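Take a look at the structure set out below.
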Amino acid sequence: MPRIDNYSLDSYLLDGPSNDKPLELIASGTATSAATSVFMTKFETEGSYNSNFPVSVSRSFGMIPKVILLKRGTTGYIETSFFRDVKNFNGSSLILIMSSGYPAMAAIGNFPVSKDSFSLPVAIQGGTYTWEAYA
């Protein structure tokens, strides 16, 4: 291990992550967003409140996924991304929503993700989404 001033570079993560491995697709499928909106707080440049529609999936993943992607229809356009290990200011896992024509926004709300299910917000009511879960 390289050293600078008697400090191992690994101690400061300067030589890169030592235990990370590439993400692996553990499950995928399709789901429809709800007809009823849910309240959430979105944080972008001005910060505001918004209503979005949850996509809910019940399925045993065996673990809490590290990343979940929701893609709109058959376009492959990623609208919502969940990152388990990236935390926002209040310690919640980061959820990004990218709607066409709007800047990406971070969402705070009641969007549970567990080893058995998830519910994540999207912009389109009653839309069909392809989802992918990675660990």
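Values below: all heavy atoms of this structure, side chains included; hydrogens, waters and symmetry mates excluded. Note that this is a predicted model, so its numbers are computed, not measured.
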Can you find a heavy atom in the side chain of Leu120 that is under 4.5 Å from one in the side chain of Val122? no

To the nearest 0.5 Å, what is the distance between OG1 (Thr30) and CG (Leu70)? 11.5 Å

Mind running side chain to side chain contact (heavy atoms under 4.5 Å, CB included) on Met98 and Ile78 for me, showing each step along the way? CA-CA 7 Å; Met98 297 162 279; Ile78 298 173; 4.1 Å; yes

Which heavy-atom pair separates Ser119 from Pro54 by the least distance, and what is that distance? OG-CB, 3.5 Å

Ignoring hydrogens and geometry, is there a side-chain-to-backbone donor-acceptor pair from Arg59 to Ser28 under 3.5 Å? yes

Does a donor on one side chain and an acceptor on the other come within less than 3.5 Å for Lys87 and Ser92? no

Name all residues meeting the side chain to side chain contact (heavy atoms under 4.5 Å, CB included) criterion together with Ser117; count only those two or more places apart in sequence or in a different chain, and write none if there are none. Ser58, Ser114

Quick one: does Asp116's side chain get under 4.5 Å of Phe61's, heavy atoms only? no

Shortest non-hydrogen pair, Phe83 vs Ser93, comes out as O-CB, 3.5 Å

Which residues pass the ring pair (Phe, Tyr, Trp, His ring centres under 6.0 Å) test with Phe118, not counting sequence neighbours? Trp131

Once you round to the nearest 0.5 Å, how far does CG of Leu69 lie from CD of Glu132? 6.0 Å

Across all chains, not counting sequence neighbours, the side chain to side chain contact (heavy atoms under 4.5 Å, CB included) partners of Ile124 are Arg72, Glu79, Tyr129

Nearest 0.5 angstrom please: Tyr134 OH to Ile68 CD1, how far? 11.5 Å

Is Thr80 reaching over with its side chain to a backbone N or O of Pro121, donor-acceptor style, under 3.5 angstrom? yes

Just wondering, do Val67 and Arg84 contact through their side chains at under 4.5 Å, heavy atoms? no

Taking Thr32 for its side chain and Gly126 for its backbone only, find out whether a donor-acceptor pair lies under 3.5 Å. no

Beyond-backbone contact of Lys115 with Pro65, side-chain heavy atoms, under 4.5 angstrom: no

